[in-house]
Amino acid sequence: KPWWADYGDNPGLVFPVGVEAFPEDHAQRVHVVDAEMDNVMVVATAQRGKSTTLMTLVTTAALMYRPERVTFFCVGASLYPVEDYPHVAAVVSTTDVEGISRTISTIEGLMRAREASFKRYQMDITEFRERRFGAMVGAATDPSDKFGDVFLVIDNFGDLYEKDSGLGDRAISIARQGLSYGVHVMTSASGWLVGQKQALLNVANARIQLRLSNPDETQMGSGMEHRRAARQNLDRP
């Protein structure tokens with residue numbers, strides 16, 4: 001259907017990211033990332049499409065859901081092309097330490113406010129979504145909370161962590177605690193074992209792997225077949 005037909009009335013929180021080909025079935029199917037209860041990681045070596053993948057996720061989310069349902073706070077100058085989307089609250093460069101700190105503080109404040117309002121209204125994140133966007137729409141929620149699900153998007157997390165480990169640790173803390181309050185972290189990095197912190201790996205199960213500098217680091221399965229797949233398409237993202 002055209003994207004504007006019944007715009008925003010899609011269930012869950014799934015972001016299309018590509019088309020999967022199944023030659024034996026003569027079929028092509030949309031591949032989606034289910035982000036409703038997860039953080040998202042994109043990993044690839046340099047110049048293999050990490051920023052493009054993050055912008056694809058933001059763009060398809062904007063096509064699937066209304067701005068009040070999903071909002072993105074972005075860190076990384078390469079994400080400026082999506083700055084004008086109504087779903088994007090801010091895009092700050094990794095060199096703007098004050099801007100990043102302000103962005104993270106905004107999200108931390110939202111988490112604290114939701115912790116208090118969830119206790120006051122005796123609900124969890126699932127019921128919050130139902131009251132805002134589902135069958136219970138109109139039921140009591142905090143009127144000063146204008147957001148639905150919120151994503152902190154960090155392009156090249158390793159670079160941010162090297163420049164300011166304190167900001168990186170705060171982002172990891174958001175990833176660890178935020179899912180209970182509808183707050184997610186979406187990151188890109190140059191490798192699973194480099195540029196990423198183990199604490200972040202442990203709380204991000206929605207994963208996209210593009211071309212790696214070392215195919216043996218693949219996290220898309222441990223068998224020889226998966227390693228062979230990771231070695232293929234050397235000249236493609």
Side-chain angles (χ1 to χ4, degrees), residues 14-23 28-35 38-64 72-83 85 87-88 91-96 100 151-164 167-168 171-172 175 184-237:
V14 294
F15 304 161
V17 71
V19 175
E20 249 182 309
F22 297 87
Q28 290 185 324
R29 298 174 197 139
V30 176
H31 179 73
V32 303
V33 170
D34 187 348
D38 221 335
N39 299 301
V40 183
M41 301 178 79
V42 178
V43 166
T45 190
Q47 297 299 307
R48 292 299 184 175
K50 297 187 293 294
S51 303
T52 301
T53 301
L54 290 177
M55 288 190 287
T56 299
L57 290 165
V58 173
T59 301
T60 57
L63 288 169
M64 295 277 287
F72 297 90
F73 290 81
C74 302
V75 175
S78 56
L79 304 179
Y80 277 120
V82 301
E83 185 178 29
Y85 293 2
H87 304 68
V88 176
V91 178
V92 296
S93 168
T94 48
T95 59
D96 183 1
I100 298 170
F151 286 78
L152 172 62
V153 184
I154 303 173
D155 194 17
N156 199 340
F157 179 81
D159 187 38
L160 171 68
Y161 204 94
E162 278 180 25
K163 286 177 178 167
D164 193 318
L167 290 175
I172 291 171
H184 315 251
V185 174
M186 186 186 293
T187 60
S188 71
S190 56
W192 294 111
L193 307 178
V194 180
Q196 214 59 280
K197 290 293 172 186
Q198 190 65 41
L200 202 54
L201 274 169
N202 292 342
V203 292
N205 296 308
R207 299 179 177 183
I208 298 169
Q209 176 178 291
L210 305 174
R211 178 71 195 162
L212 301 177
S213 58
N214 179 5
D216 290 331
E217 285 185 8
T218 178
Q219 294 287 306
M220 298 295 113
S222 56
M224 284 305 297
E225 194 176 319
H226 294 96
R227 295 189 187 282
R228 271 198 300 273
R231 290 191 185 97
Q232 289 170 356
N233 301 327
L234 284 172
D235 298 323
R236 298 182 183 182

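Remember, predicted model here, so these are calculated numbers, not experimental data.
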If I compare all heavy atoms of [X] with all of [Y], which pair ends up nearest, and what's the gap?
X: Ser190; Y: Val43; answer: C-CG1, 4.2 Å
X: Leu200; Y: Ala175; answer: CD1-CB, 3.7 Å
X: Gln28; Y: Ala21; answer: CG-CA, 4.3 Å
X: Met186; Y: Leu57; answer: SD-CD1, 3.8 Å
X: Ala206; Y: Asp38; answer: N-OD2, 3.3 Å
X: Ala44; Y: Arg48; answer: CB-CB, 3.9 Å

Rounded distance (nearest 0.5 Å) linking atom [atom1] of [X] with atom [atom2] of [Y]:
X: Met55; Y: Cys74; atom1: CE; atom2: SG; answer: 10.0 Å
X: Asp159; Y: Asp164; atom1: CG; atom2: CG; answer: 11.5 Å
X: Met41; Y: Ser188; atom1: CE; atom2: OG; answer: 9.5 Å
X: Thr94; Y: Ile100; atom1: OG1; atom2: CD1; answer: 6.0 Å
X: Phe73; Y: Leu152; atom1: CZ; atom2: CG; answer: 9.0 Å
X: Tyr161; Y: Thr187; atom1: OH; atom2: OG1; answer: 13.5 Å

Is any side-chain heavy atom of [X] less than 4.5 Å from a side-chain heavy atom of [Y]?
X: Ile172; Y: Phe157; result: yes
X: Val153; Y: Val75; result: no
X: Trp192; Y: Leu201; result: yes

Judged by atom type as modelled, is there a donor-acceptor pair below 3.5 Å linking the side chain of [X] to the main-chain atoms of [Y]?
X: Arg29; Y: Phe22; value: no
X: Asn156; Y: Ala189; value: no
X: Asn39; Y: Val185; value: yes

Donor + acceptor pair across side chains of Ser93, Tyr80 (<3.5 Å)
no

Distance alone, cut at 3.5 Å: any donor-acceptor contact between the side chains of Asp155 and Ser78?
yes

Run the ring-ring contact (aromatic ring centres under 6.0 Å, His included) test on Phe151 and His184 for me, step by step, so that the C-alpha distance in whole Å, both residues' side-chain angles and the decisive distance to 0.1 Å come before the verdict.
CA-CA 5 Å; Phe151 286 78; His184 315 251; 4.3 Å; yes

Mind running side-chain contact (heavy atoms from CB on, under 4.5 Å) on Leu54 and Leu79 for me, showing each step along the way?
CA-CA 8 Å; Leu54 290 177; Leu79 304 179; 4.2 Å; yes

Begin with the C-alpha distance, continue with both residues' side-chain angles, and end with the deciding distance and a verdict on side-chain contact (heavy atoms from CB on, under 4.5 Å) for Val82 and Thr59.
CA-CA 8 Å; Val82 301; Thr59 301; 4.2 Å; yes

Mind running side-chain contact (heavy atoms from CB on, under 4.5 Å) on Thr95 and Lys163 for me, showing each step along the way?
CA-CA 8 Å; Thr95 59; Lys163 286 177 178 167; 3.9 Å; yes

Test side-chain contact (heavy atoms from CB on, under 4.5 Å) on Val32 and Phe15 and set out the steps.
CA-CA 5 Å; Val32 303; Phe15 304 161; over 6 Å; no

